[in-house]
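Have a look at the structure below before the remarks.
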Amino acid sequence: QVQLVESGGGMVQAGGSLRLSCAASGRTFTSYTMGWFRQAPGKEREFVAAFRWRGTTYYADAVQGRFTISRDSAKDTVYLQMISLKPEDTAVYYCAVGGRYGSDYAANVDYWGQGTQVTVSS
């Protein structure tokens, strides 16, 4: 059974940093794309970052330059380092494993994490 265990969320002041982790288990994910989405209250889930198995990374414009996605393939774990956080980054962050990065990425994700809350106060 596939499990995604997320950690690292919390509350920080604007300008602060957080690091999210998502550990996947239950099968081998070496060739899978791993990424992050987020959903703020009253808004739709949106793409944040993705790490393709060959090493290519993608970022949403809103986080480019502030967030960094990385991956430890040996541990099947993906990370999201977030710096210079802003109140508008407040959301539940979801780990996403599988699927193909593109315009319909969210629709073809194979596995979702349970979500971890990130709250940025002004």
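Numbers here are sequence positions counted from 1.
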* Asked: Should Phe47 and Val63 be regarded as members of a common hydrophobic cluster, given that ILVMFWY residues are connected when their side-chain heavy atoms come within less than 4.5 Å of each other, either directly or indirectly?
  -> no
* Side-chain contact test, heavy atoms from C-beta onward, threshold under 4.5 Å: evaluate it for Tyr111 versus Cys95 and give yes or no. => no
* Over all atoms of both residues, closest heavy-atom pair of Gln117 and Val92 -> OE1-CG2, 3.2 Å
* Structure fact -> For Gln81 and Ser17 the tightest heavy-atom approach is NE2-CB, 4.2 Å
* Asked: Going by an N to O cut-off under 4.0 Å, is there a salt bridge joining Arg66 and Asp89?
  -> yes
* Cut-off 3.5 Å, side chains only: do Arg27 and Tyr32 have a donor facing an acceptor? -> yes
* Common cluster, Phe51/Tyr79, ILVMFWY with side-chain heavy-atom separation under 4.5 Å -> no
* To do: Give a yes or no on whether the backbone of Asp104 and the side-chain of Asn108 come within a donor-acceptor separation of less than 3.5 Å.
  => yes
* Asp76 (side chain) donor-acceptor with Ser25 (main chain) under 3.5 angstrom -> no
* Please examine the side chains of Arg38 and Tyr94, heavy atoms only from C-beta on, and report whether any two atoms are closer than 4.5 Å. => no
* Gly8 and Leu18: which non-hydrogen atoms are nearest, and at how many Å? -> O-CD2, 3.8 Å
* To do: For the pair Gln39 (side chain) and Glu46 (backbone), establish whether a donor and an acceptor sit closer than 3.5 Å, ignoring hydrogens and angles.
  => no
* Asked: Can you find a heavy atom in the side chain of Val97 that is under 4.5 Å from one in the side chain of Leu4?
  -> yes
* **Derivation of the side-chain contact (heavy atoms from CB on, under 4.5 Å) call for Leu20 and Met82** => CA-CA 8 Å; Leu20 306 183; Met82 306 183 292; 3.7 Å; yes
* Structure fact -> All heavy atoms of Ala96 vs all of Trp112, minimum pair found to be CB-CZ3, 3.9 Å
* Mark yes or no: Arg71 above the aromatic ring of Trp53, with NZ or CZ under 6.0 Å from the six-membered ring centre and no more than 45 degrees from the axis. => no
* To do: Assess whether side-chain hydrogen bond (donor to acceptor under 3.5 Å, both in side chains) is satisfied between Glu88 and Thr90, documenting all intermediate values.
  => CA-CA 5 Å; Glu88 51 264 43; Thr90 295; over 6 Å; no
* Structure fact -> Output for pair (Lys86 NZ, Ser122 OG), nearest 0.5 Å, gives 14.0 Å
* Check Ser121 against Pro87 and note the closest heavy-atom contact, atom names and distance. => C-CG, 4.5 Å
* Test item: Val2 and Phe29 side chains (from C-beta on) under 4.5 Å apart, heavy atoms -> yes
* To do: For residues Val109 and Phe37, report the shortest heavy-atom separation together with the two atoms involved.
  => CG2-CE1, 4.2 Å
* What do the steps show when you test Thr33 against Tyr105 for side-chain contact (heavy atoms from CB on, under 4.5 Å), and what is the final call? -> CA-CA 10 Å; Thr33 295; Tyr105 180 24; 3.4 Å; yes
* So does Arg52 have more than 12 non-hydrogen atoms from other groups sitting under 6.0 Å from CZ? -> no
* To do: Measure the spacing between OG1 of Thr77 and CD of Glu6 and express it to the nearest 0.5 Å.
  => 11.5 Å
* **Hydrophobic cluster membership, Tyr59 vs Tyr93, 4.5 Å side-chain cutoff** => yes
* Asked: Testing Thr119, Val120, Val118 for side-chain contact (heavy atoms from CB on, under 4.5 Å) with Val12, which one passes?
  -> Val120
